[in-house]
Number of protein chains: 2
Amino acid sequence: MTPIVQTFDEVRELITPLLRKMVHRLDPSTRLVVSYHLGWCDKDGVPANTNGGKAIRPSLALLGAVAAGAEPEAALPAAVAVELVHNFSLVHDDVMDGDAERRHRPTVWAQWGAPTAVLAGDAMLSLAHEVLLDLRSPHARTAEAMLAVATRELIRGQTLDIAFESRCAVSLAECVAMVRGKTGALMSVSAAIGAVLTGAPPAMTDALTSYGDHLGVAFQLVDDLLGIWGQPEITGKPVYSDLRSRKKTLPVTWAIENGGAPGRRLAAWLADEPRDATDAELAGVAELVEQGGGREWATREAVRLAALADDAVAQAGAVSKPAGQLRALARYLTHRDA
Amino acid sequence: MTPIVQTFDEVRELITPLLRKMVHRLDPSTRLVVSYHLGWCDKDGVPANTNGGKAIRPSLALLGAVAAGAEPEAALPAAVAVELVHNFSLVHDDVMDGDAERRHRPTVWAQWGAPTAVLAGDAMLSLAHEVLLDLRSPHARTAEAMLAVATRELIRGQTLDIAFESRCAVSLAECVAMVRGKTGALMSVSAAIGAVLTGAPPAMTDALTSYGDHLGVAFQLVDDLLGIWGQPEITGKPVYSDLRSRKKTLPVTWAIENGGAPGRRLAAWLADEPRDATDAELAGVAELVEQGGGREWATREAVRLAALADDAVAQAGAVSKPAGQLRALARYLTHRDA
């Protein structure tokens with residue numbers, strides 16, 4: 001177990017009691033569905049302890065608070081709120097994208113149908129507000145407002161992502177704008193919200209926001225690289241999954257704009273009538289992204305953004321141990337293989 | 001124009017500037033979709049002024065505030081918040097129920113697909129919190145928490161409603177529990193939230209909550225009666241629409257439990273394999289509900305609840321003119337024909 005995985009497990013243990021308390025407020029049917037999605041039980045409600053995701057966002061929220069000199073416990077409601085918003089978006093995105101599997105189990109809509117998944121997502125979004133509304137702290141309102149803005153950004157990002165599907169060309173700038181909404185906004189708020197809730201000064205919360213901002217895009221760059229060149233047995237996704245679905249990801253859009261002849265061939269392939277492609281064909285397409293420089297650029301860009309995230313931590317004037325953990329988290333997320 | 005329609009129009013005029021300001025915060029695509037749903041434009045964004053619904057909930061919020069002696073303007077954010085939550089639930093319910101038409105136009109999912117409708121609903125739920133988060137008032141938090149609880153109740157009600165579809169028998173108690181969630185909870189919060197936001201004493205806000213509670217169930221009873229015996233040319237719904245979809249409505253479940261032989265025949269018809277029924281067959285089913293006493297009971301029950309709503313207004317110690325308007329609203333909603 002690497003140190004960072006230990007941190008994720010610790011964070012999950014810290015946030016689970018409050019997360020469970022919030023989920024318990026839901027009606028029994030919706031509670032079962034949300035508990036299943038979070039990995040606490042199987043579809044019949046039999047307790048289980050399956051993978052409920054990496055807990056990146058709550059880790060950021062707790063580390064941000066500790067970096068500001070507070071106890072992690074003081075930021076628990078913020079950590080639970082960002083985890084709820086993240087999972088609301090996952091459950092709704094799975095409906096919209098028609099994804100039938102997540103964390104090696106059927107997604108909520110695949111298990112119970114789209115109506116149940118829409119309601120489960122709605123319930124988590126609403127609970128995210130409730131957990132902050134329960135607090136007496138004067139900072140809870142600021143934290144909640146940040147979360148509402150991030151939700152709007154998530155919606156903007158997903159709206160763009162859906163629109164891109166039916167377009168044959170997407171610019172790198174458009175792709176970055178989509179990623180900043182879909183991934184960056186909540187990462188950024190997660191990094192700052194714990195510190196905000198514990199009353200940290202604006203200079204520190206601004207620096208943490210900037211850290212999360214860089215980290216979010218870096219995280220997505222790595223995700224996009226893994227979606228093309230990841231090892232299926234490690235990522236759990238089929239080989240060339242993002243190419244197969246003709247996703248206009250960051251390395252792909254970069255290669256199209258800057259990759260000369262291979263980039264033009266890549267653009268032509270994407271503009272072609274979609275049909276089932278063989279693995280050999282997809283290997284050729286991955287080669288075009290690589291020849292067009294998309295792989296190298298995305299790798300370098302992720303490293304550059306992780307360094308900017310490090311700089312932001314340095315500017316935050318954070319307590320040294322959690323500052324080191326924030327840097328370790330950035331390193332881990334930009335060097336992961338799953 | 002009856003006086004009450006004039007009130008609805010006035011309310012719509014009062015809330016529209018703030019509602020538009022909130023919707024304007026959304027990304028352009030989502031903004032267009034929400035504006036279409038609210039009747040402000042056609043599907044291409046060309047300004048229109050079509051029916052955006054009756055504005056019952058914002059009317060309740062403004063009247064509640066005025067009944068507490070405040071200016072209606074002070075309750076505008078509360079009125080906008082309940083209207084946003086109501087419309088979030090309409091757009092998502094249309095996806096879940098597969099309803100392709102609302103207010104004589106294609107529903108959002110029918111126009112743009114389910115993903116767009118899921119996102120538009122999410123956006124409205126989040127904006128409902130934002131409009132209250134923008135306020136400095138110490139009462140905004142209480143108002144927002146009430147809204148969050150009502151959202152959970154809406155989800156509980158819709159969850160039950162969906163579950164009822166695949167069951168052949170539903171008890172009257174279960175049906176009432178569903179209605180209190182799906183219709184009652186938001187009506188009840190709407191009646192009290194304006195007064196809460198303007199700092200009215202608990203005795204008054206409790207009485208308004210109780211008024212809204214009774215009104216919500218009375219409203220649904222009338223809706224259910226119109227779904228069976230309403231004039232299609234006035235309601236805009238096809239004849240016998242609720243029977244055609246074998247909905248276990250309040251008059252139907254009452255007749256099954258209390259209606260002797262006709263009730264048993266009604267239960268047997270509902271338990272039968274669903275297939276397209278002729279108008280003549282549905283007329284016979286409506287006759288069973290009537291013979292089983294469901295129509296008379298629902299009519300009497302709506303009148304009884306409207307009287308309880310009146311009593312609650314009397315107990316609220318409200319300013320007399322708005323108190324009269326709250327009573328007029330209860331009368332209108334329980335005697336409407338559409």
Side-chain angles (χ1 to χ4, degrees), chain A residues 25-31 33 85 88-89 91-93 95-98 112-136 140-142 144-163 165-166 177 181, chain B residues 25-31 33 85 88-89 91-93 95-98 112-136 140-163 165 177 181:
Chain A
R25 290 192 188 168
L26 301 174
D27 68 89
S29 305
T30 310
R31 193 192 306 152
V33 172
V85 170
F88 134 76
S89 80
V91 170
H92 277 190
D93 283 4
V95 173
M96 295 183 240
D97 302 339
W112 286 283
T116 298
V118 170
L119 287 169
D122 293 346
M124 287 191 279
L125 176 57
S126 190
L127 282 181
H129 286 277
E130 278 199 59
V131 71
L132 294 171
L133 280 164
D134 284 352
L135 304 178
R136 295 262 149 250
R141 235 175 151 63
T142 314
E144 207 193 334
M146 289 167 62
L147 207 61
V149 174
T151 304
R152 244 199 282 134
E153 282 293 293
L154 274 174
I155 292 168
R156 181 180 65 77
Q158 176 69 358
T159 300
L160 287 175
D161 203 16
I162 291 174
E165 271 173 38
S166 54
Chain B
R25 291 192 187 168
L26 302 173
D27 67 272
S29 305
T30 311
R31 192 192 306 152
V33 173
V85 170
F88 134 75
S89 79
V91 169
H92 278 189
D93 284 4
V95 173
M96 295 184 238
D97 302 340
W112 286 284
T116 298
V118 170
L119 288 169
D122 293 346
M124 287 191 279
L125 176 56
S126 190
L127 282 182
H129 286 276
E130 278 200 60
V131 71
L132 293 172
L133 281 164
D134 284 352
L135 303 178
R136 295 260 149 251
R141 226 174 158 66
T142 315
E144 206 193 335
M146 290 168 62
L147 207 61
V149 173
T151 304
R152 243 199 282 135
E153 282 292 291
L154 274 174
I155 291 167
R156 182 181 65 77
Q158 175 70 358
T159 301
L160 288 174
D161 204 16
I162 290 173
E165 270 173 39

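A note on names: the letters A, B, ... follow the listed sequences, proteins ahead of strands, and every chain is numbered from 1.
There is no contact between B:A128 and chain A, counting heavy-atom distances below 4.5 Å. The parts of A:L119 that come within reach of chain B are both its backbone and its side chain, each placing non-hydrogen atoms under 4.5 angstrom from that chain.
Here the CG atom belonging to B:D134 is positioned 9.0 Å from the CZ atom belonging to A:R141, to the nearest 0.5 angstrom. Note: B:L125 CG to A:F88 CZ = 8.0 Å, rounded to the nearest 0.5 Å. Note that CG of B:D122 is 9.0 Å distant from OG1 of A:T151, once rounded to the nearest 0.5 Å.
Every residue meeting the side chain to side chain contact (heavy atoms under 4.5 Å, CB included) condition with B:T30, not counting sequence neighbours, appears here in chain and number order: A:I155, A:T159, B:L26, B:D27, B:V34, B:A123. Taking the ring pair (Phe, Tyr, Trp, His ring centres under 6.0 Å) definition, one finds that B:H129 meets it with A:H129, sequence neighbours left out.
For chain A, the option among B:R152, B:H92, B:E130, B:R156 with the highest count of heavy-atom pairs below 4.5 Å is B:R152.
For the residue pair A:L133 and B:A148, the shortest heavy atom distance occurs at CD1-CB, 4.3 Å.
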